[in-house]
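These notes concern the structure reproduced below.
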Amino acid sequence: MSCQFLKSADDDYLTLFYTGKVNREIIFDNTIKAHKFGRKNGIKKYFTDLTKAINTDDKKTVTDFIAIDMKKSAFIDKEAVVAIFVAPDDNSHDFIEAVSEKNGYNVKLFRDREKAIKYLQETKNPAIS
């Protein structure tokens, strides 16, 4: 597994590009790193590219990750806007959007890269905290 961070050309969002198998711990660690970077650099939007990654966690683990781990962390920006881009034939990430929204996070799942980026570009940037 690897995760690369890349700022968009206009510094509007940060891309997290994952490859390989991912799980609760891997996503959580990299999300914290990304949000810390975002706070330092005035970024509150994130493009998470999981097209080359497979989620190995079951639905309960995903639910616990979002409802427990993320809520407890002081480093997670609860006002962040997140577009998750997944491969058209990969359903291993489908549950993330529903659980995130239920827990108050602005997370949308996309199977089209251009639509995901357009969503980030058209979404008002939350105030930097």
Side-chain angles (χ1 to χ4, degrees):
M1 184 302 302
S2 71
C3 180
Q4 292 181 306
F5 294 1
L6 304 166
K7 281 198 310 185
S8 63
D10 60 1
D11 292 336
D12 190 44
Y13 61 89
L14 182 68
T15 296
L16 288 74
F17 181 72
Y18 289 90
T19 57
K21 294 180 179 179
V22 296
N23 61 29
R24 177 183 188 170
E25 292 84 18
I26 291 166
I27 297 288
F28 188 58
D29 289 345
N30 285 293
T31 299
I32 288 174
K33 289 175 189 173
H35 285 226
K36 284 182 177 179
F37 180 87
R39 278 204 173 103
K40 285 183 184 176
N41 293 279
I43 296 172
K44 295 191 64 92
K45 297 181 196 177
Y46 300 89
F47 178 80
T48 302
D49 187 333
L50 295 170
T51 56
K52 304 284 185 205
I54 298 293
N55 179 15
T56 60
D57 287 337
D58 59 24
K59 288 182 179 180
K60 171 144 180 27
T61 304
V62 171
T63 300
D64 289 348
F65 161 63
I66 295 167
I68 298 170
D69 298 345
M70 288 185 56
K71 285 199 175 203
K72 284 184 178 180
S73 175
F75 301 109
I76 300 297
D77 182 351
K78 293 165 179 63
E79 296 177 354
V81 177
V82 180
I84 299 177
F85 175 47
V86 300
D89 58 346
D90 180 4
N91 297 316
S92 70
H93 309 286
D94 289 357
F95 197 61
I96 295 169
E97 180 178 27
V99 175
S100 295
E101 286 182 351
K102 182 178 178 183
N103 283 278
Y105 296 102
N106 188 353
V107 174
K108 301 284 182 210
L109 192 72
F110 295 88
R111 287 186 162 74
D112 180 298
R113 180 182 185 81
E114 285 72 31
K115 287 182 181 178
I117 291 171
K118 185 177 179 181
Y119 167 75
L120 288 175
Q121 292 171 335
E122 292 179 351
T123 302
K124 184 180 176 197
N125 205 0
I128 303 300
S129 52

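Positions are given from 1, in the same order as the sequence printed here.
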Legend entry - For Thr19, all residues meeting side chain to side chain donor-acceptor pair (under 3.5 Å), sequence neighbours excluded: Ser2
Inset, instruction - Would you confirm whether Thr31, through its side chain, and Ile27, through its main-chain N or O, come within 3.5 Å as a donor-acceptor pair? - result: yes
Legend entry - Nearest non-hydrogen partners of Ile76 and Ile32, listed with the distance: CD1-CG1, 4.0 Å
Inset, instruction - State whether Asp29 and Lys33 are salt-bridged, where the test is any N-O pair (Lys NZ or Arg NE/NH1/NH2 against Asp/Glu carboxylate O) under 4.0 Å. - result: no
Legend entry - Flag side-chain contact, heavy atom, 4.5 Å: Phe47 against Leu14: no
Legend entry - Ala116 versus Ala83, closest heavy-atom pair with distance: O-CB, 3.9 Å
Inset, instruction - Locate the shortest heavy-atom distance separating Arg24 from Asp69; write the atom from each residue and the value. - result: NE-OD2, 2.5 Å
Inset, instruction - May I ask you to check whether Tyr46 and Tyr13 place their ring centres under 6.0 Å from each other? - result: no
Legend entry - Flag side-chain contact, heavy atom, 4.5 Å: Met1 against Val22: yes
Legend entry - Asp58 versus Thr61, side-chain donor and acceptor atoms under 3.5 Å: yes
Inset, instruction - Look only at the side chain of Asn23 and the backbone of Thr56, and say whether a donor-acceptor pair between them is shorter than 3.5 Å. - result: no
Inset, instruction - Could you check Ile96, Leu16, Asp49 and say which one makes a side-chain contact (heavy atoms from CB on, under 4.5 Å) with Ile84? - result: Ile96
Inset, instruction - Go through the structure and list residues passing side chain to side chain donor-acceptor pair (under 3.5 Å) with Asn30, not counting sequence neighbours. - result: none
Legend entry - Geometric cation-pi criterion, Lys36 with Phe75: 6.0 Å, 45°: yes
